[in-house]
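Heads up, the thing below is written out as structure tokens.
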Protein chains: 2
Amino acid sequence: MAPGAFKMRDLTEACGVSDQAVRLYERLGLLEPVGRTAKGYRLYDASSVETVRFIKQAQRSGFILEEIKVLLRTDIRDEHACEAMKVLLDRKLRTLTERLVELQGMKDVLHSLRQACEGEPGPLCPAFLKLCVPHCAVSDPKGARPLRRR
Amino acid sequence: MAPGAFKMRDLTEACGVSDQAVRLYERLGLLEPVGRTAKGYRLYDASSVETVRFIKQAQRSGFILEEIKVLLRTDIRDEHACEAMKVLLDRKLRTLTERLVELQGMKDVLHSLRQACEGEPGPLCPAFLKLCVPHCAVSDPKGARPLRRR
DNA sequence: TTAAGGTCTATACTTGGGTATAAACTCAAG
DNA sequence: CTTGAGTTTATACCCAAGTATAGACCTTAA
């Protein structure tokens with residue numbers, strides 16, 4: 001067992017993920033063990049911990065595993081690959097920004113709704129649908145997908 | 001067909017959702033048709049449109065359908081039910097706030113990463129993992145779930 | 001040396017929120 | 001009265017990102 005290398009359990013404890021998740025990342029091509037023991041046990045090192053943490057952080061930020069793979073695999077010497085990453089980053093930055101605006105909007109709505117709840121314990125609350133729906137109507141029909149599917 | 005009532009197609013077009021989704025919401029208890037024609041066609045009205053729009057907006061804000069059901073069903077005369085809604089709102093407000101902070105953080109990271117990408121097309125980029133991972137390490141191990149599951 | 005616990009592979013199942021398809025029935029226009 | 005679009009039910013499938021389980025093998029401490 002190479003110096004500084006450790007087995008599955010240490011990795012999962014360092015990162016707060018399950019061993020199954022780690023093996024899933026491997027199957028999907030996001031994380032390769034640095035080696036195997038003679039008996040076939042996966043070996044990891046500090047860089048593996050970094051990688052898994054990066055995966056989790058990127059996930060929390062709305063990247064899916066397939067996209068994170070692109071992020072992780074981009075070879076800096078490959079002009080073409082780099083370009084793909086830039087595209088991905090730009091796309092994500094855009095949706096991230098939209099998402100932030102949207103969440104902030106809903107936070108405001110929930111906040112005032114919560115306030116209303118706190119007031120008179122009666123006729124204020126039922127207005128909650130009315131309180132929210134106008135906001136929905138204003139924001140253009142994002143969820144709108146092309147219908148007419150038959 | 002009651003005045004002001006309309007059928008599935010009008011509802012889906014007004015809200016930008018599929019008919020299947022609408023029937024799913026019904027199965028899950030979020031949306032009841034206001035009636036049925038003699039032949040069994042579902043009938044909706046303006047309030048149905050409001051409800052579906054509310055569902056979509058709430059979804060975009062991170063509520064899952066099961067939670068939206070609580071929001072929609074809360075009977076204002078029921079002290080107990082109202083309390084449950086307050087709890088739900090508080091919980092959501094908290095996670096929404098956390099989420100906003102997290103996303104803003106990642107937005108900043110992606111932004112500087114994107115900038116770095118744009119600079120020298122060479123030795124700047126490889127630092128990208130290092131650029132991100134410290135940020136991950138700082139934010140406490142949120143994803144940490146209890147392990148030791150066997 | 002044996003028992004507990006770690007790891008391996010492989011397969012199946014879960015959840016959330018849908019979509020796809022089939023087969024039957026209905027409605028409206030030509 | 002036929003044809004095409006709309007609707008109904010029911011069942012199956014999809015994706016993402018895992019979790020659960022089984023059965024085999026390995027490691028370590030008592």
Side-chain angles (χ1 to χ4, degrees), chain A residues 1 5-44 48 52 54-70 72 95 142-150, chain B residues 1 5-44 48 52 54-70 142-150:
Chain A
M1 194 150 127
F6 42 79
K7 296 212 292 273
M8 182 61 88
R9 188 54 177 265
D10 304 283
L11 178 64
T12 64
E13 296 205 324
C15 305
V17 297
S18 72
D19 54 345
Q20 327 241 58
V22 169
R23 283 188 287 261
L24 176 66
Y25 300 155
E26 181 179 334
R27 268 214 314 288
L28 299 182
L30 280 79
L31 170 70
E32 209 60 24
V34 297
R36 293 263 187 163
T37 68
K39 292 300 183 176
Y41 283 24
R42 288 167 179 83
L43 290 174
Y44 300 99
S48 319
V52 174
F54 176 74
I55 291 171
K56 298 315 281 183
Q57 173 68 7
Q59 271 189 312
R60 283 197 292 273
S61 307
F63 289 87
I64 65 172
L65 295 180
E66 205 48 46
E67 293 169 331
I68 300 172
K69 182 159 115 182
V70 173
L72 286 171
T95 66
K142 268 194 180 139
R145 281 181 283 323
L147 287 189
R148 194 126 276 159
R149 65 237 99 76
R150 305 201 174 181
Chain B
M1 194 150 127
F6 42 79
K7 296 214 291 275
M8 181 61 87
R9 189 54 178 265
D10 305 281
L11 178 64
T12 64
E13 295 204 325
C15 305
V17 297
S18 71
D19 54 345
Q20 326 241 60
V22 169
R23 283 188 286 261
L24 176 66
Y25 300 156
E26 181 180 333
R27 268 216 314 288
L28 299 182
L30 280 80
L31 171 69
E32 208 61 24
V34 297
R36 293 264 186 162
T37 70
K39 292 298 183 180
Y41 284 23
R42 289 168 178 82
L43 290 173
Y44 300 99
S48 319
V52 174
F54 177 73
I55 291 171
K56 298 315 281 183
Q57 173 68 7
Q59 270 190 313
R60 284 198 288 275
S61 306
F63 289 87
I64 65 173
L65 295 181
E66 205 47 47
E67 293 168 331
I68 300 172
K69 181 160 115 183
V70 172
K142 261 182 197 243
R145 280 182 285 324
L147 287 187
R148 193 127 279 160
R149 67 237 95 77
R150 305 204 173 178

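In what follows, chains are A, B, ... by sequence order, proteins preceding strands, each numbered from 1.
Legend: residues meeting salt bridge (charged side-chain N to carboxylate O under 4.0 Å, His left out) with B:R36, ordered by chain and number and at least two apart, are B:E26. Residues passing the side chain to side chain donor-acceptor pair (under 3.5 Å) test with B:Y25, sequence neighbours excluded: B:K56. Residues satisfying the salt bridge (charged side-chain N to carboxylate O under 4.0 Å, His left out) test with A:E66, not counting sequence neighbours, are A:K69.
At whole-Å resolution of the value, CG in A:D10 and P in C:dG5 are 17 Å apart. Taking atom CZ of A:R27 as the reference point, atom C1' of C:dT9 lies 10 Å away to the nearest angstrom. Per the geometry, CD1 belonging to B:I55 stands 16 Å off P belonging to C:dG16, to the nearest Å. Between the CD atom of B:E26 and the C1' atom of D:dA10 there is a distance of 14 Å, rounded to whole Å. Between the CZ atom of A:R23 and the C1' atom of D:dG18 there is a distance of 13 Å, given to the nearest Å.
Residues A:I55 and A:L72 are in side-chain contact: their nearest non-hydrogen atoms beyond the backbone lie under 4.5 Å apart. At least one side-chain heavy atom of B:Y44 sits less than 4.5 Å from a side-chain heavy atom of B:V22.
Set against C:dT9, D:dT8, C:dT21, the side chain of B:R36 has D:dT8 as its closest nucleotide.
The side chain of B:R42 contributes an N or O atom lying less than 4.0 Å from OP1 or OP2 of D:dT9.
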Tabulated below should be each protein N or O lying under 3.5 Å from an N or O of nucleotides 25-30 of chain D; please produce it.
{"from": "D:dC26", "atom 1": "O4'", "to": "A:Y41", "atom 2": "OH", "distance (Å)": "3.3"}

Look for any protein N or O under 3.5 Å of an N or O in nucleotides 13-17 of chain D and output each such pair with its distance, or none.
{"from": "D:dA17", "atom 1": "OP1", "to": "A:L65", "atom 2": "N", "distance (Å)": "3.3"}
{"from": "D:dA17", "atom 1": "OP2", "to": "A:L65", "atom 2": "N", "distance (Å)": "3.0"}

